[in-house]
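Report on one structure; see the data block that follows.
Atoms within each ligand, like the ligands themselves, are counted from 1 in listed order.
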Amino acid sequence: MSKTTPNPARDGSIVILTGAGISRESGLHTFRDADGIWATVRIEDVATPEAFARDPDRVHAFYNARRRGLLDPAIQPNAAHFALARLEAEWPGEVLLVTQNIDDLHGRAGSRNLIHMHGELLKVRCGACEGVSEHRADLGRADACPDCGHVGAMRPHVVWFGEMPLEMARIYDALARCDLFVSIGTSGNVYPAAGFVAEARSHSARTLELNLEPSVGASLFDDARLGPATVVVPAWVEALLAGAGTAA
Ligand code: BJW
């Protein structure tokens with residue numbers, strides 16, 4: 001049994017963390033690569049609550065452009081997204097997919113046990129009633145909340161620096177129980193997601209990194225496969241499912 005094959009003596013559950021790298025071959029930018037989003041715009045200007053309070057129009061414009069980009073018909077899930085959906089459907093244990101991405105490509109590929117810990121680009125939230133609603137058009141200060149009618153308090157349903165990521169209790173519970181933790185396409189710069197590998201290890205899970213290049217926390221992984229997500233993720237899923245079939 002490979003070091004990063006789940007151990008049948010435990011419950012065989014897998015937690016997978018994904019980052020911007022898995023969507024890059026679908027045509028979406030990462031954040032910290034040379035051509036990434038943070039090379040063109042400053043975090044302090046668009047991705048903090050203070051930025052939104054200071055200049056909401058600028059923040060709305062940033063997310064409106066990204067929402068339009070995501071809705072471009074050319075942007076589609078790739079082989080890595082589909083492989084993870086296949087794993088969830090065919091793996092005998094639990095597969096929990098935790099994504100830092102605000103795109104909807106995992107859902108479109110068929111993943112269902114999915115947590116968007118940094119929110120979702122195609123949803124908006126009301127600052128008055130906290131209601132969350134689906135939204136595909138541009139958003140601005142003149143928009144009213146579809147739930148409470150309040151005008152001027154709508155914001156993208158995303159988690160900015162200094163805000164609490166979503167569903168943390170559920171994520172930490174899964175990390176404490178998982179047999180295998182897999183990190184895909186994330187640089188490991190942003191907490192708390194960057195701390196998940198240490199958390200899983202502290203509960204004796206094995207750990208695997210699938211990435212184009214080693215992440216900041218690479219030394220914490222038992223094993224790594226480096227390459228484009230559309231190559232390494234389907235290959236890993238295929239091998240894992242073939243092994244599970246043999247063991248059964
Ligand atoms: C490929 C590929 C291909 C490329 N195939 N791979 C000091 C210590 C610890 C923490 C802090 C600290 N100071 C401040 C903090 C907290 C702060 C933080 O982490 N700051 C750091 C910068 C230090 N974190 C927060 O504020 C978070 N909240 C928080 O901590 O609340 C308190 C709390 C504590 C404990 C428990 C619970 C709560 C909130 C973070 C919010 C992040 N928001 C963003 C933007 C919003 C959404 C959006 O606009 O999209 O989320 S920032 C941005 O970074 C985005 C991403 O989700 C996130 C992670 O980026 P990701 O996915 O890793 O992308 P990249 O570009 O960095 O990496 C891409 C990778 O892919 C690379 O490795 C490439 O090689 C690879 N790749 N092509 C495979 N084809």
Are I171 and L17 connected in a single hydrophobic cluster, I mean Ile/Leu/Val/Met/Phe/Trp/Tyr linked by side-chain heavy atoms less than 4.5 Å apart?
yes
What class does the angle between the rings of W38 and F62 fall in, given that below 30° is parallel, 30 to 60° is tilted and above 60° is perpendicular?
parallel
Atom 27 (C) of ligand 1 has as its nearest protein heavy atom Y191 O, 3.3 Å
Identify, by atom number and element, the atoms of ligand 1 in contact range of P228, meaning under 4.0 Å from any of its heavy atoms.
5 (N)
Can you tell me how far CD1 of I22 sits from CG of L212, rounded to the nearest 0.5 angstrom?
12.5 Å
When you measure from atom 39 (C) of ligand 1 to every protein heavy atom, which one gives the shortest distance, and what is it?
E163 O, 3.5 Å
State plainly whether one hydrophobic cluster holds both L241 and V182, where clusters connect Ile, Leu, Val, Met, Phe, Trp and Tyr through side-chain heavy atoms under 4.5 angstrom apart.
yes
Short list, please: which atoms of ligand 1 are under 4.0 Å from a heavy atom of E25?
3 (C), 5 (N), 80 (N)
Look at atom 62 (O) of ligand 1 and say which protein heavy atom is nearest, naming residue and atom and giving the distance to 0.1 Å.
A20 N, 2.8 Å
Among all protein heavy atoms, pick out the one at the shortest distance from atom 47 (C) of ligand 1; state its residue, atom name and that distance to 0.1 Å.
I102 CG2, 3.8 Å
Does the N or O separation between G185 and ligand 1 drop below 3.5 Å for any pair?
yes
Quick note on ligand 1: atoms under 4.0 Å from a heavy atom of A229 include exactly 3 (C), 5 (N), 79 (C)
Decide, yes or no, whether a salt bridge links R66 with D103 under the criterion of side-chain N to carboxylate O below 4.0 Å.
no
Considering N211, L166, T99, V233 one by one, which has a heavy atom nearer to atom 76 (C) of ligand 1 than any of the others?
N211
Check the angle between the aromatic planes of F181 and F221 and answer parallel, tilted or perpendicular using the 30° and 60° thresholds.
parallel
Are any of the side-chain heavy atoms of H81 and V233 separated by less than 4.5 Å?
no
Going by the atom numbers of ligand 1, which of them fall below 4.0 Å from some non-hydrogen atom of L212?
1 (C), 2 (C), 4 (C), 6 (N), 75 (O), 77 (N), 78 (N), 79 (C)
Which bit of Q100 gets closer than 4.0 Å to ligand 1, counting heavy atoms only: side chain, backbone, both or neither?
both
Atom 61 (P) of ligand 1: nearest protein contact (heavy atom, Å):
T186 OG1, 3.8 Å
To the nearest 0.5 Å, atom CG of N101 lies from atom CZ of F31 at 7.5 Å
Kindly identify the option in P165, G19, S187, S23 whose heavy atom sits closest to atom 68 (O) of ligand 1.
S187
So that I can tick it off, tell me whether E213 and R32 are bridged by a salt bridge, with the cut-off set at under 4.0 angstrom between side-chain N and carboxylate O.
no
Got the closest protein heavy atom to atom 17 (C) of ligand 1, with its distance?
F161 CD2, 3.8 Å
Test of proximity, I22 against ligand 1: N or O pairs below 3.5 Å:
no
List the closest protein heavy-atom neighbour of atom 60 (O) of ligand 1: residue, atom name, distance to the nearest 0.1 Å.
R32 NH1, 3.0 Å
Below 4.0 angstrom from a heavy atom of W160, which ligand 1 atoms are there? Numbered from 1 as shown, please.
39 (C), 41 (C)
Numbered in order shown, the ligand 1 atoms found under 4.0 Å of a heavy atom of G162 are 25 (C), 26 (O)
Look only at interatomic distance and state if M164 has a nitrogen or oxygen under 3.5 Å from any nitrogen or oxygen of ligand 1.
no
Protein contact to atom 23 (C) of ligand 1 [nearest heavy atom, distance to 0.1 Å]:
N189 O, 3.9 Å
Evaluating non-hydrogen atoms only, which member of M168, H118, E213, R66 is closest to atom 48 (C) of ligand 1?
R66
Salt bridge D173-R177, side-chain N to carboxylate O under 4.0 Å
yes
Do L70 and L28 have side chains that approach each other closer than 4.5 Å (heavy atoms only, starting at C-beta)?
yes
How does V190 reach ligand 1, by side chain, by backbone, by both or by neither, if only non-hydrogen atoms under 4.0 Å count?
both
Report yes if some N/O of V159 lies less than 3.5 Å from some N/O of ligand 1; otherwise report no.
yes
Under 4.0 Å from any heavy atom of Y63, which atoms of ligand 1 are there?
46 (C), 48 (C), 49 (O)
Quick check on contacts: which atoms of ligand 1 are under 4.0 angstrom from a heavy atom of D33?
4 (C), 74 (C), 75 (O)
Return the CD1 to CG distance between I14 and N113, rounded to the nearest 0.5 Å.
11.5 Å
For ligand 1, note which part of A194 has a heavy atom under 4.0 Å away: side chain, backbone, both or neither.
neither
